Each structure stands twice: as structure tokens, then as C-alpha cells.
Amino acid sequence: MSYQHLRDVTKLTAMLSAAETNQNARVEMEHLAHAVKKWGEDCTFIMDRPVGAPLRLLAAPALREGCAQTVHTADKILAALGDKLAPFAKLSSQLPEIEEEFAEEIHNIDTSVNSLNSRLVIALTSLLWVSGLITALYSAGAALFVARHLGRLHNGVGRLAGGDLNAHISGLHRKDEFGDLARTLDQFRKSAQELKEAREEAESASRSKSQFLAVMSHELRTPLNAIIGFSELIKTAKESVPHATLRTYAGYVLDSGKSLLELIGNLLDISKIEAGRYEMREAALDPHELALETLKAQSEKAEQKNLSLALNIEHEPLRLWAERRALRIILINLLDNAIKFSPEDTVITLRARLKDGHYHMELTDHGIGIPKNAQDLVFEPFLQIEKDLDRSAAGTGTGLPLVRRLMALHGGKAWLHSVPGKGTTACLCFPQDRVLCEAEKLAQPA
């Protein structure tokens, strides 16, 4: 009830209890009665709607009844004042009775409003306490939430600082500031991991360079020293030196020159392949013919150790789409290793066959063999398995790496099967699309 409503009610009550009523008073009383009726209707309307639920819950039932009764009493006042022909004396006799009824209703409303105010104060006080408790609980929950996620991030940062670049950073899936921070830390972890890998690659490259220089300094110096030494012997030889001795010296010079040329050729080929500048000159060739040619070229070296070279062709005549020079280098390097590590009076067999449409070549010896854990290492450049092989027979470490790279250029594979003390089988496999049928013998496959 507003101040204006209180004033209207007070004034109307006073006028109802007045002893005399004139025309001006009648008009003013009618105006006040309309205002009081309007107030009663508004209060009743508000309390009957859903928005008035808190008032119905907190206020006494007499409040709504009083508001409704006020409307009824205001109607009675307006009805009495509406009779324009009624004499003032009659009107004055009715109004005091209405005033008593109205005063009682106003008292009930006032009492209910005071009770409502007290309940509102209690409710608001309770609400403030509840709000404070909720705020405190929310603040504590937020603090625990922040502490938990910061603790997880701190744990991840600690592991990263300790060098664990595989540490899991929690919260990457989150869409808030913790997620942004977690993703930033994870990006830092990845960058640090990339830097570590780059450093390890650089260190590995440095070790490879040092190993290369150590191996090459020996492998280049040995044949050069032989060439220079025997050339000086030939140059300074007296006329009394037998020609057979001079021819032996010349043979040493020739062998050392060939060894040096082979080393340099392998190095150049590996470098070209690694740099992507090796040009393949492929054509349809007869692998049987090339195998016979290679075995014949290596026969003299094999005879020096009383070794026999055998060729088993287990397929119909065919053509292979490949580079002749590359395939010849592959077979020469494999034969050279087989001859070098085979004991005397044994047989080295080159076998060729078709399997599932792929062309296979297998070179088997009965030499000292290679341990299983080293059968892939020997395909790395300049690596020599000195602990497992006789160092006096070891080569430059460029032959097998070149074989694997040349096979890769053909889309093929190269690998070893070996048992220490029993021998080694070097395996080559060319893909099916390089095996030509009769109609494709002179044409490049699609």
C-alpha cells in the first residue's frame, strides 16, 4: 500500500465519519471511493496471478479477503453517493454505518500488511544468509577447480622441465583458458621434441661423418699406398729383376686401382641417389644373359680361392624392365661379398625364379654368415661388422648399401638370410610390373 493510497483511505474514512455532507464533499468522496476501489482491485488481481505466489505464501489469508471486501465496500459507498436525488440527511445517516465497516476492513488489511512486512524481513534475511552461503560454496568450488587444473598443468610443466618430452598435458580438450594454456604447453612440448630429434639427427650425422672419414681415410689410403709403393718398385727395378716379378707388382697395382675405382664409383652412385640426381636408363633386358656375363666376369676371382660359381634359372625366357648397368653393379657387389667371405672349395649359387608374378634372384654362399641383429645394419653406408667378420676380408661398407638403393629405384627390395657359420643368401625381388610378357618385351610397362 503506497503513501498515496494511505492518504486516500485516511481522508475517505474521515469524510465518512463527518456529521455533515454537502455537494462538494460528495464529489470528493466519490473520487476517493473510485481510487480505493481501484487499489483493492489491483491488489486482488496481483495476488490471484502467478506472480503473486510469494505474497500468498507469506501474507495472511485476511489480506486478500480484506482487499476484496474493500472493493465491495467502495461499491457500496459509490452506490450511496450515486443516488443524486437522495437528500443529504439520508446520505449522512448511511455513511457512518459504511464507515464502521470500512474502518474494520482497513484495520484488518493494515494488520495483514504489517505481518507481511515482518515475514518479508525474515525471508530477505534468510535469503541473504543463503546467498552468502551459496557464494561461499561457489567460491570454494571455483578455488578447488582452479587449484586442481593448475596442479595438473604444473605437473606436466614439471615433467617437461625434467626432460620428459612425452609427458601428457591434461586439459587439451577444454574450451576455456585452461584449455588454451594446455594447448600452448603441448605445442611447446612438440617444438622441444622436434628440436631434440633435430639435435639427435645432427649428432648422428656428425658421428656418421666421423665414421665415414675414419673408414675412407683407411680405404683410400690402402690402395693408394699399394699403387704408389709397387709403382716405385717397378720404376726403380734393375734390369736383373725377373719380368714375372714385375708383372706381379703390376698386378698388385691393377688390383689396387680397380678397388679404388670401385670404391669411388660406389660413393658417387650413393651420393647421386641420396641427392635424387641418379638418372635411370631402363630397357627390356634378358636377366639370364646378364647373370651369365656377371658370373664370367667374377670367375677369375673365384678361381683364386677354388670356388665354383653356379647358375640355376627356374623360369621360362623373359624380359626384365631395368637398368642394365644398375643390375650389373648389384650382382657384382653381391658376388664380390660372397667370394670374399666364402671358404675355399665351396660353391656359390645364383638362383633366378618367378614367385607370385615377382622376379626373384638369390645368391647363396657357404661363408662365415652374419648375425641376425646385423643383417639390416650391413645395408647402412660405411658400416663394417668388425666383431663378427674377419676384418682382413671386410670391404669399404658401400657395396650392400648401394645394392639396396639401386633396388629401391627399381621399386624392389633387397635383404639377407644368414646363419653364422653356415652361410648367407642375398635376396633380390623385382615387382611384378617389371616382368614383361611376349607382347611387352620391347616396350616400357605402363
Side-chain angles (χ1 to χ4, degrees), residues 204 208 262 266-267 269-270 272-274 278 280 282 285 287-288 290-291 294-295 298 309-315 318 320-342 346-390 393-435:
S204 176
S208 298
E262 178 187 358
N266 287 346
L267 287 174
D269 285 337
I270 291 176
K272 287 180 181 179
I273 294 172
E274 297 290 345
Y278 189 93
M280 294 277 286
E282 298 168 292
L285 56 87
H288 185 186
L290 183 59
T294 307
L295 289 176
Q298 296 291 101
L309 303 180
L311 177 63
N312 292 337
I313 304 297
E314 301 177 7
H315 59 76
L318 57 80
L320 189 67
W321 189 263
E323 184 186 51
R324 186 179 188 86
R325 174 182 174 272
L327 184 54
R328 188 173 185 277
I329 290 175
I330 291 171
L331 293 177
I332 287 177
N333 275 289
L334 294 180
L335 279 167
D336 185 64
N337 281 339
I339 293 171
K340 189 181 300 181
F341 296 109
S342 292
T346 57
V347 179
I348 299 173
T349 304
L350 178 60
R351 177 188 180 197
R353 60 192 175 98
L354 282 175
K355 182 180 179 182
D356 299 328
H358 299 273
Y359 187 72
H360 289 259
M361 300 183 81
E362 299 168 355
L363 186 68
T364 303
D365 64 54
H366 300 280
I368 60 177
I370 302 174
K372 187 174 182 179
N373 60 357
Q375 291 175 18
D376 277 333
L377 295 178
V378 295
F379 287 101
E380 295 299 323
F382 318 119
L383 183 65
Q384 300 166 341
I385 316 300
E386 298 183 10
K387 292 182 181 179
D388 302 287
L389 300 181
D390 181 5
T396 62
T398 59
L400 289 178
L402 181 59
V403 167
R404 176 166 282 185
R405 282 158 176 75
L406 289 174
M407 286 299 297
L409 289 178
H410 287 81
K413 297 179 181 178
W415 68 94
L416 299 178
H417 286 308
S418 184
V419 178
K422 293 186 178 182
T424 301
T425 297
C427 304
L428 306 175
C429 178
F430 289 88
Q432 187 174 1
D433 58 2
R434 289 190 171 271
V435 181

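Values below: every heavy atom of this structure, side chains too, minus hydrogens, waters and symmetry copies. Note that this is a predicted model, so its numbers are computed, not measured.
- Side-chain atoms of Asp365 come within 3.5 Å of backbone atoms of Thr424 as a donor-acceptor pair (strictly under, hydrogens ignored).
- The distance from the CG atom of Leu363 to the CD1 atom of Ile330 is 12.5 Å, given to the nearest 0.5 Å.
- Below 30°, between 30° and 60°, or above 60°: for His410 and Phe430 the angle between ring planes is above 60°, a perpendicular geometry.
- In terms of heavy atoms, Leu295 sits closest to Ala310 at CD1-O, 4.3 Å.
- Distance CG/Leu428 to CG/Leu331: 7.0 Å, rounded to 0.5 Å.
- The shortest side-chain heavy-atom distance between Asp376 and Arg404 falls under the 4.5 Å cut-off.
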Begin from the C-alpha positions of Leu318 and Leu354 and carry the test side chain to side chain contact (heavy atoms under 4.5 Å, CB included) through to its verdict.
-> CA-CA 10 Å; Leu318 57 80; Leu354 282 175; 3.8 Å; yes
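- When all heavy atoms of Met361 and Ala291 are compared, the closest pair comes out as CE-CB, 4.5 Å.
- Listed for the Arg351 side chain is no donor-acceptor partner under 3.5 Å among the backbone atoms of Asn312.
- Summarising the geometry, atom CG belonging to Asn333 is positioned 11.0 Å from atom CZ belonging to Arg328; distances are rounded to the nearest 0.5 Å.
- Judged by distance alone, with hydrogens and angles left aside, the side-chain atoms of Arg405 form a donor-acceptor pair with the main-chain N or O of Pro401 at under 3.5 Å.
- When atom types are taken as modelled, the side chain of Thr364 and the backbone of Ala426 share no donor-acceptor pair closer than 3.5 angstrom.
- The two residues His366 and Ser342 make their nearest non-hydrogen contact at N-OG, 4.2 Å.
- The line from CG of Leu350 to OG1 of Thr294 is 8.5 Å long, rounded to the nearest 0.5 Å.
- Taking every heavy atom of both residues into account, Phe379 and Trp415 meet most closely at CZ-CA, 3.9 Å.
- Rounding to the nearest 0.5 angstrom, the gap separating the CD atom in Glu262 from the CD1 atom in Ile332 is 8.0 Å.
- Contact between Met407 and Ala414 at its shortest, heavy atoms only, is CG-CB, 4.1 Å.
- The main-chain N or O of Thr425 is never found under 3.5 Å from a side-chain atom of Glu362 such that the two would form a donor-acceptor pair.
- Between His360 and Lys355, the shortest heavy-atom contact is CD2-CB, 3.6 Å.
- Rounded to the nearest 0.5 Å, atoms CD1 (Ile273) and CE (Met280) are 8.5 Å apart.
- Checking side-chain atoms of Arg434 against main-chain N and O of Trp321 turns up a donor-acceptor pair under 3.5 Å.
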